[in-house]
Amino acid sequence: MPRRLLISTNVAVQIIAVLALAIMANWYASRHHLRFDWTKSGYYKLADKTKLTLQSLKAPLKVIVYLSPNTDSDIDEKIFQDVRQLLGEFQVHGKDKLAIEYVDPYRDLARARQIVEEYKIDAQRETAVVIFATGSRNKYVTRDEMADIDYGNPMMGGGGPPQLRAFKAEGAFLSAIQTVTEGETPAVYFLTGHGEHDPESFDQRAGYSTLATYIKRDNLTVHKWNFQDEHALPTNANALVIAGPRKPFTEAEQAALEQFLKNSGRLYVMLDPKTASGDRKSTRLNSSHRT
């Protein structure tokens, strides 16, 4: 047999063998659905805790990707592709409990407006978020929470294009899912009666409505409590915020706050500079607060 014919025959056999293996692999895969992560670092491999959480979902979970893949930013495009791949992994383990919707805020204008209004998104600041919602509870994850981006330092000669340093969305997504699906909604109370900042006020100087909005975004309820009106803290108070008091606390109020701490309550105290909030005897809580 001529050498050229022998070589041709060997090549043909190899091609047929490769085709046969491909056909067999596809046939097997169609009946035995196995999935592999071929990346060297296991980039798309989910943590066991994430898998268990998704497999344990009891109620339908809605996921809305409010992010455009059609931008001039290479980073946004990369984040979108990574989010899509990651949520594909989530879908495998969440199965029929997970409903994923992709909304382009620049093209799906009507739907984008609905989402902004329904989930209280600051559209001027947040153009890329992933929303997790079940029932009346929801939480969204921002782009900065999904990825570490290096914008460089122009002062140090780093004026080049931004670089995506790390994609960390899995942990942020898992936290969001746990927030909207697990346990009772924690309650945060703002103390009033001493000139504190008001969580319901929109005043730029005295109002803390923006802070309250961020707290509510994490599925916590916000309430106000005045010791003069109600001498006992509500039993459902998980945390108490004292935001810039301008008047001293009475001995009875201090005793109530100390008892709250002893009962494993969480106390967050914010003191405005150059503001007298009480003398030494009436501000013992300043040195004993727990955050």
Side-chain angles (χ1 to χ4, degrees), residues 62 64 66-67 103 105-106 109-146 172 175-176 179-180 184-234 236-250 253 256-257 260 265-278 283 285-286 289-291:
K62 183 190 300 183
I64 302 174
Y66 180 87
L67 199 165
V103 177
Y106 299 113
L109 299 182
R111 179 59 178 144
R113 282 194 294 270
Q114 291 177 346
I115 292 172
V116 167
E117 294 174 2
E118 182 176 356
Y119 298 105
K120 305 298 186 293
I121 298 173
D122 185 349
Q124 298 298 320
R125 298 178 56 186
E126 307 294 355
T127 58
V129 300
V130 177
I131 304 161
F132 296 84
T134 180
S136 61
R137 306 177 69 179
N138 65 81
K139 177 177 173 57
Y140 66 76
V141 179
T142 66
R143 185 177 74 159
D144 289 342
E145 293 171 320
M146 289 184 258
S175 176
T179 297
V180 301
E184 298 180 359
T185 303
V188 177
Y189 280 78
F190 279 73
L191 186 67
T192 64
H194 311 86
E196 294 91 348
H197 295 281
D198 188 345
E200 297 178 356
S201 173
F202 292 90
D203 184 86
Q204 293 185 355
R205 290 180 174 272
Y208 266 23
S209 60
T210 300
L211 174 60
T213 297
Y214 279 104
I215 294 175
K216 293 175 183 177
R217 200 193 80 182
D218 284 334
N219 288 294
L220 283 74
T221 58
V222 175
H223 311 272
K224 295 196 294 186
W225 176 70
N226 189 314
F227 183 81
Q228 301 301 324
D229 299 332
E230 303 174 66
H231 294 290
L233 267 170
N236 70 327
N238 299 100
L240 179 65
V241 177
I242 302 177
R246 296 176 181 272
K247 298 177 182 178
F249 293 83
T250 66
E253 288 174 327
L257 293 172
F260 175 69
R266 314 297 292 184
L267 179 62
Y268 189 75
V269 181
M270 294 179 282
L271 300 179
D272 290 334
K274 299 181 181 180
T275 299
S277 56
T283 55
L285 63 97
N286 295 341
H289 74 274
R290 184 191 310 179
T291 58

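Numbers here are sequence positions counted from 1.
- Considering all non-hydrogen atoms of both residues, Tyr66 and Ala112 come closest at CE1-CB, 3.9 Å.
- The CH2 atom of Trp225 sits 8.5 Å away from atom OG1 of Thr192, with the distance rounded to the nearest 0.5 Å.
- Closest approach of Val241 and Met270 over heavy atoms only: CG1-CE, 3.6 Å.
- Note that CD of Glu126 is 8.5 Å distant from CD1 of Ile121, once rounded to the nearest 0.5 Å.
- Pro199 and Val222 get closest at one heavy-atom pair: CB-CG1, 4.2 Å.
- Each of Ile64, Thr179, Val141 was evaluated against Phe132; a single residue qualifies, Val141, per the side-chain contact (heavy atoms from CB on, under 4.5 Å) test.
- Judged by distance alone, with hydrogens and angles left aside, the side-chain atoms of Ser209 form a donor-acceptor pair with the main-chain N or O of Ser201 at under 3.5 Å.
- A distance of 9.0 Å separates CD in Glu196 from NZ in Lys247, rounded to the nearest 0.5 Å.
- Interatomic distance, Tyr208 OH to Asp203 CG, rounded to the nearest 0.5 Å: 11.5 Å.
- Using a 4.5 Å cut-off on side-chain heavy atoms (C-beta onward), Val129 and Ile115 make no contact.
- How far CG of Leu240 is from NE2 of His223: 12.0 Å, rounded to the nearest 0.5 Å.
- No donor-acceptor distance shorter than 3.5 angstrom exists from the side chain of Asp198 to the backbone of Gly207, with no hydrogens or angles considered.
- Glu145 and Tyr140 make their closest contact through OE1-O, 4.0 Å (heavy atoms, listed as atom of the first residue, atom of the second, distance).
- Taking the side chain as every heavy atom from C-beta outward, Ile242 and Phe249 approach each other to under 4.5 Å.
- Between Leu109 and Pro105, the shortest heavy-atom contact is CD2-O, 3.4 Å.
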**Pair Phe190-Leu211, side-chain contact (heavy atoms from CB on, under 4.5 Å): steps then yes or no** = CA-CA 11 Å; Phe190 279 73; Leu211 174 60; 4.1 Å; yes
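- To the nearest 0.5 Å, atom CD of residue Glu118 and atom CZ of residue Arg113 are 15.0 Å apart.
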